[in-house]
**Q** 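I'd like to ask some things about the structure below.
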2 protein chains.
Amino acid sequence: MSADPKIPPEGGPAFADHDHAQCAGNTLARAEAEAARLGARLTPVRKRTLEILLEAHRAMGAYEVLDRLAAEGFGHQPPVAYRALEFLVEHGLAHRVRRLNAFAACMHPGEDHAPVFLICRVCDAVAEADAAPVRGALDQVAAGHGFAVERANLEALGLCPACAARGE
Amino acid sequence: MSADPKIPPEGGPAFADHDHAQCAGNTLARAEAEAARLGARLTPVRKRTLEILLEAHRAMGAYEVLDRLAAEGFGHQPPVAYRALEFLVEHGLAHRVRRLNAFAACMHPGEDHAPVFLICRVCDAVAEADAAPVRGALDQVAAGHGFAVERANLEALGLCPACAARGE
DNA sequence: AGGCGATTGATATAGTATAACATGTCGGCC
DNA sequence: GGCCGACATGTTATACTATATCAATCGCCT
(Lines give C-alpha, C1' and ligand atoms only; values in the text may rest on other atoms or scores of the structure.)
Protein backbone atom coordinates (compact mmCIF):
# COMPACT_ATOMS: atom_id res chain seq x y z
CA MET A 1 0.00 0.00 0.00
CA SER A 2 2.19 2.85 1.19
CA ALA A 3 5.61 2.46 2.88
CA ASP A 4 7.08 -1.01 2.83
CA PRO A 5 8.62 -2.72 5.82
CA LYS A 6 6.48 -0.92 8.36
CA ILE A 7 8.09 -0.61 11.72
CA PRO A 8 5.69 -2.16 14.21
CA PRO A 9 4.06 0.73 16.02
CA GLU A 10 5.33 -0.13 19.47
CA GLY A 11 4.93 3.43 20.48
CA GLY A 12 1.23 2.84 20.16
CA PRO A 13 -1.34 4.87 18.33
CA ALA A 14 -1.64 7.60 20.88
CA PHE A 15 1.83 8.85 20.01
CA ALA A 16 2.67 8.62 23.72
CA ASP A 17 3.93 6.03 26.15
CA HIS A 18 1.41 4.71 28.58
CA ASP A 19 0.25 1.57 30.36
CA HIS A 20 -1.49 -0.32 27.59
CA ALA A 21 -3.18 -2.84 29.84
CA GLN A 22 -4.64 -0.16 32.02
CA CYS A 23 -5.56 2.06 29.11
CA ALA A 24 -7.29 -0.83 27.34
CA GLY A 25 -9.04 -1.91 30.51
CA ASN A 26 -10.34 1.55 31.25
CA THR A 27 -11.58 2.00 27.76
CA LEU A 28 -13.27 -1.38 27.73
CA ALA A 29 -15.07 -0.55 30.95
CA ARG A 30 -16.26 2.73 29.51
CA ALA A 31 -17.32 0.99 26.34
CA GLU A 32 -19.37 -1.53 28.29
CA ALA A 33 -21.06 1.25 30.19
CA GLU A 34 -21.83 3.02 26.95
CA ALA A 35 -23.22 -0.13 25.38
CA ALA A 36 -25.48 -0.64 28.41
CA ARG A 37 -26.63 2.94 28.18
CA LEU A 38 -27.56 2.45 24.54
CA GLY A 39 -29.25 -0.85 25.18
CA ALA A 40 -26.81 -2.44 22.78
CA ARG A 41 -26.02 -6.09 23.38
CA LEU A 42 -22.30 -6.56 23.74
CA THR A 43 -22.32 -10.29 22.99
CA PRO A 44 -19.21 -12.50 23.28
CA VAL A 45 -18.03 -12.08 19.70
CA ARG A 46 -18.59 -8.36 19.82
CA LYS A 47 -16.91 -7.91 23.14
CA ARG A 48 -14.00 -10.05 22.11
CA THR A 49 -13.67 -8.11 18.89
CA LEU A 50 -13.50 -4.90 20.84
CA GLU A 51 -10.93 -6.38 23.21
CA ILE A 52 -8.80 -7.48 20.30
CA LEU A 53 -8.81 -3.97 18.91
CA LEU A 54 -8.04 -2.51 22.30
CA GLU A 55 -5.21 -4.93 23.00
CA ALA A 56 -3.66 -4.41 19.59
CA HIS A 57 -4.00 -0.72 20.17
CA ARG A 58 -3.76 0.03 16.53
CA ALA A 59 -5.88 -0.14 13.41
CA MET A 60 -6.51 -3.70 12.25
CA GLY A 61 -7.90 -5.09 9.03
CA ALA A 62 -11.13 -7.08 9.20
CA TYR A 63 -9.37 -10.26 8.17
CA GLU A 64 -6.72 -9.77 10.79
CA VAL A 65 -9.43 -9.52 13.41
CA LEU A 66 -11.15 -12.53 11.89
CA ASP A 67 -8.02 -14.63 12.26
CA ARG A 68 -7.90 -13.82 15.94
CA LEU A 69 -11.57 -14.61 16.42
CA ALA A 70 -11.31 -17.85 14.51
CA ALA A 71 -8.33 -18.92 16.59
CA GLU A 72 -10.45 -18.44 19.65
CA GLY A 73 -13.31 -20.61 18.53
CA PHE A 74 -15.58 -18.11 16.85
CA GLY A 75 -16.67 -18.34 13.24
CA HIS A 76 -14.12 -18.49 10.46
CA GLN A 77 -15.95 -16.55 7.79
CA PRO A 78 -15.60 -12.87 6.89
CA PRO A 79 -19.12 -11.88 7.93
CA VAL A 80 -18.30 -12.83 11.50
CA ALA A 81 -15.69 -10.13 11.72
CA TYR A 82 -17.49 -7.60 9.55
CA ARG A 83 -20.68 -7.88 11.52
CA ALA A 84 -18.99 -7.45 14.85
CA LEU A 85 -16.97 -4.53 13.56
CA GLU A 86 -19.98 -2.91 12.00
CA PHE A 87 -21.85 -3.21 15.25
CA LEU A 88 -19.03 -1.56 17.15
CA VAL A 89 -18.75 1.26 14.65
CA GLU A 90 -22.49 1.74 14.60
CA HIS A 91 -22.54 2.17 18.34
CA GLY A 92 -19.53 4.42 18.51
CA LEU A 93 -17.29 1.84 20.18
CA ALA A 94 -14.92 1.61 17.25
CA HIS A 95 -14.05 3.59 14.17
CA ARG A 96 -13.36 2.75 10.62
CA VAL A 97 -10.18 4.13 9.13
CA ARG A 98 -10.84 4.15 5.44
CA ARG A 99 -7.37 5.11 4.40
CA LEU A 100 -6.09 1.86 5.87
CA ASN A 101 -9.15 -0.28 5.17
CA ALA A 102 -9.00 -0.95 8.87
CA PHE A 103 -10.78 -0.55 12.17
CA ALA A 104 -9.67 0.82 15.53
CA ALA A 105 -11.23 0.82 18.96
CA CYS A 106 -12.70 4.13 19.99
CA MET A 107 -10.62 5.64 22.75
CA HIS A 108 -13.40 7.88 23.98
CA PRO A 109 -16.60 5.87 23.92
CA GLY A 110 -19.68 7.73 24.96
CA GLU A 111 -18.11 11.13 24.82
CA ASP A 112 -20.10 12.07 21.74
CA HIS A 113 -17.21 13.04 19.65
CA ALA A 114 -16.31 13.66 16.10
CA PRO A 115 -12.92 12.07 15.66
CA VAL A 116 -10.10 13.04 13.35
CA PHE A 117 -7.53 10.38 12.68
CA LEU A 118 -3.88 11.19 12.51
CA ILE A 119 -2.22 8.41 10.55
CA CYS A 120 1.54 8.08 10.41
CA ARG A 121 2.63 7.17 6.93
CA VAL A 122 5.76 5.48 8.22
CA CYS A 123 4.58 3.29 11.08
CA ASP A 124 0.83 3.28 10.43
CA ALA A 125 0.12 4.34 13.99
CA VAL A 126 -3.27 5.95 14.32
CA ALA A 127 -4.23 8.56 16.88
CA GLU A 128 -7.74 9.74 17.48
CA ALA A 129 -7.85 13.47 18.01
CA ASP A 130 -10.70 15.76 18.89
CA ALA A 131 -12.32 17.01 15.76
CA ALA A 132 -14.65 19.54 17.31
CA PRO A 133 -12.85 22.57 15.83
CA VAL A 134 -12.38 20.82 12.52
CA ARG A 135 -15.97 19.79 12.45
CA GLY A 136 -17.05 23.33 13.12
CA ALA A 137 -15.15 24.62 10.13
CA LEU A 138 -16.51 21.80 8.04
CA ASP A 139 -20.11 22.50 8.95
CA GLN A 140 -19.65 26.10 7.97
CA VAL A 141 -18.12 25.31 4.61
CA ALA A 142 -20.85 22.76 3.93
CA ALA A 143 -23.56 25.21 4.90
CA GLY A 144 -22.22 27.53 2.22
CA HIS A 145 -23.18 24.83 -0.28
CA GLY A 146 -26.54 24.14 1.29
CA PHE A 147 -25.23 20.79 2.38
CA ALA A 148 -26.16 19.27 5.73
CA VAL A 149 -23.34 17.22 7.22
CA GLU A 150 -24.42 14.13 9.13
CA ARG A 151 -21.18 12.26 9.46
CA ALA A 152 -17.63 12.97 8.48
CA ASN A 153 -14.54 10.97 7.81
CA LEU A 154 -11.61 13.12 8.67
CA GLU A 155 -8.25 11.48 8.18
CA ALA A 156 -4.87 13.12 8.07
CA LEU A 157 -1.77 11.43 6.74
CA GLY A 158 1.61 12.59 7.92
CA LEU A 159 4.41 11.95 10.36
CA CYS A 160 3.96 11.01 13.99
CA PRO A 161 6.35 12.56 16.51
CA ALA A 162 8.36 9.36 16.93
CA CYS A 163 8.95 8.85 13.24
CA ALA A 164 9.65 12.54 12.75
CA ALA A 165 12.27 12.36 15.50
CA ARG A 166 13.94 9.42 13.79
CA GLY A 167 14.22 11.72 10.81
CA GLU A 168 12.08 10.10 8.17
CA MET B 1 -24.01 0.59 1.62
CA SER B 2 -26.40 3.50 2.24
CA ALA B 3 -29.62 4.15 0.31
CA ASP B 4 -30.64 1.62 -2.27
CA PRO B 5 -32.04 2.51 -5.65
CA LYS B 6 -29.91 5.63 -5.96
CA ILE B 7 -31.55 8.36 -7.91
CA PRO B 8 -29.17 9.29 -10.71
CA PRO B 9 -27.57 12.57 -9.68
CA GLU B 10 -28.86 14.60 -12.54
CA GLY B 11 -28.42 17.73 -10.52
CA GLY B 12 -24.73 17.06 -10.81
CA PRO B 13 -22.16 17.01 -8.08
CA ALA B 14 -21.87 20.72 -7.66
CA PHE B 15 -25.35 20.85 -6.18
CA ALA B 16 -26.22 23.49 -8.73
CA ASP B 17 -27.51 23.61 -12.26
CA HIS B 18 -25.03 24.59 -14.89
CA ASP B 19 -23.93 23.85 -18.42
CA HIS B 20 -22.15 20.55 -18.07
CA ALA B 21 -20.50 20.61 -21.44
CA GLN B 22 -19.06 24.04 -20.85
CA CYS B 23 -18.10 23.28 -17.30
CA ALA B 24 -16.34 20.08 -18.33
CA GLY B 25 -14.65 21.79 -21.24
CA ASN B 26 -13.37 24.62 -19.11
CA THR B 27 -12.07 22.30 -16.51
CA LEU B 28 -10.37 20.09 -19.06
CA ALA B 29 -8.63 23.10 -20.54
CA ARG B 30 -7.43 24.16 -17.13
CA ALA B 31 -6.30 20.64 -16.37
CA GLU B 32 -4.31 20.50 -19.58
CA ALA B 33 -2.65 23.78 -18.74
CA GLU B 34 -1.84 22.49 -15.29
CA ALA B 35 -0.40 19.26 -16.67
CA ALA B 36 1.79 21.25 -19.03
CA ARG B 37 2.96 23.44 -16.19
CA LEU B 38 3.95 20.36 -14.20
CA GLY B 39 5.64 18.73 -17.13
CA ALA B 40 3.22 15.83 -16.74
CA ARG B 41 2.42 13.87 -19.88
CA LEU B 42 -1.29 13.80 -20.45
CA THR B 43 -1.25 10.80 -22.78
CA PRO B 44 -4.36 9.54 -24.60
CA VAL B 45 -5.49 7.07 -21.92
CA ARG B 46 -4.94 9.61 -19.21
CA LYS B 47 -6.67 12.39 -21.02
CA ARG B 48 -9.57 10.18 -21.96
CA THR B 49 -9.85 9.00 -18.38
CA LEU B 50 -10.05 12.57 -17.21
CA GLU B 51 -12.63 13.36 -19.86
CA ILE B 52 -14.73 10.41 -18.77
CA LEU B 53 -14.70 11.66 -15.20
CA LEU B 54 -15.52 15.18 -16.31
CA GLU B 55 -18.35 14.09 -18.58
CA ALA B 56 -19.86 11.84 -15.94
CA HIS B 57 -19.53 14.69 -13.52
CA ARG B 58 -19.70 12.42 -10.56
CA ALA B 59 -17.55 9.95 -8.68
CA MET B 60 -16.88 6.78 -10.64
CA GLY B 61 -15.42 3.45 -9.60
CA ALA B 62 -12.21 2.33 -11.26
CA TYR B 63 -13.95 -0.57 -12.97
CA GLU B 64 -16.65 1.69 -14.28
CA VAL B 65 -13.98 3.87 -15.83
CA LEU B 66 -12.24 0.77 -17.11
CA ASP B 67 -15.37 -0.36 -18.92
CA ARG B 68 -15.56 2.96 -20.69
CA LEU B 69 -11.91 2.87 -21.64
CA ALA B 70 -12.11 -0.72 -22.84
CA ALA B 71 -15.14 0.12 -24.99
CA GLU B 72 -13.06 2.81 -26.65
CA GLY B 73 -10.18 0.56 -27.59
CA PHE B 74 -7.88 0.96 -24.63
CA GLY B 75 -6.74 -1.92 -22.47
CA HIS B 76 -9.24 -4.18 -20.76
CA GLN B 77 -7.35 -4.90 -17.54
CA PRO B 78 -7.70 -3.17 -14.18
CA PRO B 79 -4.20 -1.69 -14.13
CA VAL B 80 -5.08 0.39 -17.16
CA ALA B 81 -7.70 2.29 -15.23
CA TYR B 82 -5.88 2.31 -11.93
CA ARG B 83 -2.72 3.68 -13.45
CA ALA B 84 -4.45 6.45 -15.29
CA LEU B 85 -6.47 7.36 -12.21
CA GLU B 86 -3.43 7.27 -9.98
CA PHE B 87 -1.63 9.55 -12.37
CA LEU B 88 -4.47 12.04 -12.33
CA VAL B 89 -4.71 11.99 -8.56
CA GLU B 90 -0.98 12.30 -8.18
CA HIS B 91 -0.97 15.41 -10.31
CA GLY B 92 -4.00 16.98 -8.71
CA LEU B 93 -6.24 16.54 -11.73
CA ALA B 94 -8.59 14.15 -9.97
CA HIS B 95 -9.40 13.09 -6.45
CA ARG B 96 -10.03 9.83 -4.76
CA VAL B 97 -13.20 9.58 -2.73
CA ARG B 98 -12.49 6.81 -0.29
CA ARG B 99 -15.94 6.61 1.13
CA LEU B 100 -17.22 5.56 -2.26
CA ASN B 101 -14.14 3.69 -3.46
CA ALA B 102 -14.34 6.03 -6.35
CA PHE B 103 -12.65 8.82 -8.25
CA ALA B 104 -13.80 12.23 -9.38
CA ALA B 105 -12.28 14.86 -11.65
CA CYS B 106 -10.86 17.82 -9.84
CA MET B 107 -12.98 20.89 -10.47
CA HIS B 108 -10.21 23.32 -9.62
CA PRO B 109 -7.01 21.99 -11.12
CA GLY B 110 -3.94 24.03 -10.41
CA GLU B 111 -5.52 26.12 -7.72
CA ASP B 112 -3.47 24.40 -5.02
CA HIS B 113 -6.31 23.42 -2.90
CA ALA B 114 -7.18 21.12 -0.08
CA PRO B 115 -10.55 19.73 -0.99
CA VAL B 116 -13.36 18.57 1.27
CA PHE B 117 -15.92 16.32 -0.31
CA LEU B 118 -19.56 16.69 0.42
CA ILE B 119 -21.19 13.40 -0.39
CA CYS B 120 -24.96 13.05 -0.55
CA ARG B 121 -26.02 9.82 1.06
CA VAL B 122 -29.16 9.67 -1.07
CA CYS B 123 -27.98 10.40 -4.58
CA ASP B 124 -24.23 9.92 -4.17
CA ALA B 125 -23.55 13.30 -5.71
CA VAL B 126 -20.17 14.64 -4.72
CA ALA B 127 -19.24 18.27 -4.41
CA GLU B 128 -15.74 19.56 -3.92
CA ALA B 129 -15.64 22.39 -1.41
CA ASP B 130 -12.79 24.57 -0.26
CA ALA B 131 -11.14 22.99 2.73
CA ALA B 132 -8.82 25.83 3.65
CA PRO B 133 -10.63 26.67 6.91
CA VAL B 134 -11.07 23.01 7.73
CA ARG B 135 -7.48 22.31 6.99
CA GLY B 136 -6.41 25.13 9.26
CA ALA B 137 -8.34 23.69 12.18
CA LEU B 138 -6.96 20.27 11.41
CA ASP B 139 -3.36 21.44 11.36
CA GLN B 140 -3.85 23.04 14.73
CA VAL B 141 -5.38 19.95 16.31
CA ALA B 142 -2.63 17.80 14.84
CA ALA B 143 0.06 20.14 16.08
CA GLY B 144 -1.27 19.61 19.57
CA HIS B 145 -0.31 15.97 19.15
CA GLY B 146 3.06 16.73 17.63
CA PHE B 147 1.76 15.37 14.37
CA ALA B 148 2.71 16.92 11.04
CA VAL B 149 -0.08 16.69 8.49
CA GLU B 150 1.01 16.12 4.93
CA ARG B 151 -2.22 15.14 3.26
CA ALA B 152 -5.77 14.85 4.43
CA ASN B 153 -8.88 13.04 3.32
CA LEU B 154 -11.81 15.10 4.38
CA GLU B 155 -15.15 13.63 3.47
CA ALA B 156 -18.54 14.59 4.79
CA LEU B 157 -21.63 12.47 4.38
CA GLY B 158 -25.02 14.09 4.48
CA LEU B 159 -27.82 15.53 2.44
CA CYS B 160 -27.39 17.64 -0.65
CA PRO B 161 -29.80 20.56 -1.11
CA ALA B 162 -31.82 18.78 -3.80
CA CYS B 163 -32.39 15.65 -1.77
CA ALA B 164 -33.08 17.67 1.35
CA ALA B 165 -35.72 19.62 -0.58
CA ARG B 166 -37.36 16.40 -1.70
CA GLY B 167 -37.63 15.66 1.98
CA GLU B 168 -35.49 12.63 2.52
C1' DA C 1 21.64 3.36 -34.62
C1' DG C 2 21.61 2.48 -29.87
C1' DG C 3 20.24 3.12 -25.22
C1' DC C 4 17.21 4.48 -21.58
C1' DG C 5 13.26 5.75 -18.98
C1' DA C 6 8.42 6.11 -19.13
C1' DT C 7 4.12 4.09 -20.74
C1' DT C 8 1.03 0.60 -21.95
C1' DG C 9 -0.89 -4.00 -22.07
C1' DA C 10 -1.83 -8.73 -20.32
C1' DT C 11 -1.63 -12.39 -16.78
C1' DA C 12 -2.34 -13.60 -12.46
C1' DT C 13 -3.46 -13.00 -7.87
C1' DA C 14 -4.17 -10.54 -3.50
C1' DG C 15 -7.14 -8.13 -0.50
C1' DT C 16 -11.71 -6.25 0.97
C1' DA C 17 -16.65 -6.76 1.51
C1' DT C 18 -21.44 -8.43 1.11
C1' DA C 19 -25.65 -11.23 -0.35
C1' DA C 20 -28.31 -15.07 0.90
C1' DC C 21 -29.59 -18.82 3.48
C1' DA C 22 -29.65 -22.05 7.69
C1' DT C 23 -29.48 -22.63 12.49
C1' DG C 24 -29.75 -21.31 17.09
C1' DT C 25 -31.09 -18.51 21.15
C1' DC C 26 -33.82 -15.77 24.05
C1' DG C 27 -37.66 -13.20 25.10
C1' DG C 28 -42.60 -12.50 25.65
C1' DC C 29 -47.28 -14.15 25.19
C1' DC C 30 -51.35 -17.31 24.61
C1' DG D 1 -45.69 -25.66 28.38
C1' DG D 2 -45.52 -24.36 23.67
C1' DC D 3 -45.49 -20.96 20.01
C1' DC D 4 -43.68 -17.04 17.87
C1' DG D 5 -40.90 -13.25 16.46
C1' DA D 6 -36.59 -10.66 16.82
C1' DC D 7 -32.05 -10.93 16.87
C1' DA D 8 -27.63 -13.17 16.64
C1' DT D 9 -24.45 -16.43 14.75
C1' DG D 10 -22.50 -19.37 11.35
C1' DT D 11 -21.74 -21.06 6.54
C1' DT D 12 -21.56 -20.93 1.48
C1' DA D 13 -20.73 -18.47 -2.26
C1' DT D 14 -19.57 -14.57 -4.71
C1' DA D 15 -18.82 -9.63 -5.78
C1' DC D 16 -15.97 -5.84 -5.74
C1' DT D 17 -11.47 -3.35 -5.29
C1' DA D 18 -6.57 -3.23 -6.02
C1' DT D 19 -1.73 -4.54 -7.03
C1' DA D 20 2.56 -7.31 -8.32
C1' DT D 21 4.93 -8.79 -12.29
C1' DC D 22 6.49 -9.50 -16.79
C1' DA D 23 6.51 -8.33 -21.86
C1' DA D 24 6.20 -5.15 -25.55
C1' DT D 25 6.41 -0.50 -27.15
C1' DC D 26 7.14 4.45 -27.50
C1' DG D 27 9.60 8.91 -27.14
C1' DC D 28 13.57 11.04 -26.68
C1' DC D 29 18.41 11.93 -26.31
C1' DT D 30 23.28 11.01 -27.56
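Just so it is clear: chains get the letters A, B, ... in the order the sequence lines come, proteins before strands, and each one is counted from 1. Here the structure is a predicted model, which is why all the values come from computation and not from measurement. Side chains are part of it too, since the values below use all heavy atoms of this structure and drop only hydrogens, waters and symmetry mates.
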**Q** Which is it for B:N153 and A:R99 under the side chain to side chain donor-acceptor pair (under 3.5 Å) test, yes or no, and what are the steps along the way?
**A** CA-CA 8 Å; B:N153 288 136; A:R99 176 127 214 161; 2.7 Å; yes
**Q** Going 5' to 3' through nucleotides 5-11 of chain D, assign each nucleotide B (protein heavy atom under 4.0 Å from a base atom), S (under 4.0 Å only from sugar-phosphate atoms) or - (no protein heavy atom that close).
**A** --SSBBB
**Q** In chain order, what residues pass the ring pair (Phe, Tyr, Trp, His ring centres under 6.0 Å) check against A:F103, with sequence neighbours excluded?
**A** none
**Q** Tell me: CE of A:M60 to C1' of C:dT16, nearest whole Å?
**A**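 The answer, rounded to whole Å, is 15 Å.
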**Q** Pairs in or reaching into residues 140-154 of chain A: which pass salt bridge (charged side-chain N to carboxylate O under 4.0 Å, His left out), with residues at least two apart or in two chains?
**A**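 For residues 140-154 of chain A: A:E90-A:R151, A:E150-B:R121.
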**Q** Atom CG of B:L88 to atom C1' of C:dT8: distance rounded to whole Å?
**A**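 After rounding, the gap between these two atoms is 15 Å.
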**Q** Less than 3.5 Å between a donor and an acceptor, one on the side chain of B:Y63 and one on the base of D:dA15, is that the case here?
**A** no
**Q** Does anything in residues 91-98 of chain B come within less than 4.0 Å of DNA chain C? Heavy atoms only, and list the residues if so.
**A**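 Result for residues 91-98 of chain B: none.
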**Q** Could you give the CZ-to-C1' distance, from B:R99 to C:dT16, as a whole number of Å?
**A** 16 Å
**Q** Run the salt bridge (charged side-chain N to carboxylate O under 4.0 Å, His left out) test against B:R48 and tell me which residues pass, sequence neighbours left out.
**A**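 If we apply the salt bridge (charged side-chain N to carboxylate O under 4.0 Å, His left out) test to B:R48, skipping adjacent residues, the hits are B:E51, B:E55, B:E72.
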**Q** Apply side-chain contact (heavy atoms from CB on, under 4.5 Å) to A:V97 and A:I119, showing your working.
**A** CA-CA 9 Å; A:V97 184; A:I119 307 167; 3.6 Å; yes
**Q** Mind checking side chain to side chain donor-acceptor pair (under 3.5 Å) for A:E32 and listing every partner two or more places apart, or none if nothing turns up?
**A** A:K47
**Q** Specify the separation, in whole Å, of atom CG of A:L100 and atom C1' of C:dG15.
**A**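 Answer to the nearest Å: 14 Å.
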**Q** Output all residues satisfying side chain to side chain donor-acceptor pair (under 3.5 Å) with A:E86, sequence neighbours left out; order by chain, then residue number.
**A** none
**Q** Whole angstroms only, please: what is the CG-P distance between B:L85 and D:dT19?
**A** 11 Å
**Q** Expressed as a whole number of angstroms, how long is the span from B:L42:CG to C:dT7:P?
**A**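 Computing the B:L42:CG to C:dT7:P distance gives 11 Å.
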**Q** Could you check how far CD of B:E86 sits from P of D:dA18, rounded to whole Å?
**A** 12 Å
**Q** Tell me, please, which residues at least two apart from B:F87 pass ring pair (Phe, Tyr, Trp, His ring centres under 6.0 Å).
**A**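 Testing B:F87 for ring pair (Phe, Tyr, Trp, His ring centres under 6.0 Å), a comparison that skips the adjacent residues, returns B:H91.
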**Q** Scan for ring pair (Phe, Tyr, Trp, His ring centres under 6.0 Å) pairs involving residues 116-143 of chain A, sequence neighbours excluded, and state none if there are none.
**A** A:H95-A:F117
**Q** Quick one: A:N101 CG to C:dT18 C1', roughly how many Å, whole number?
**A**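 After rounding, the reported distance stands at 15 Å.
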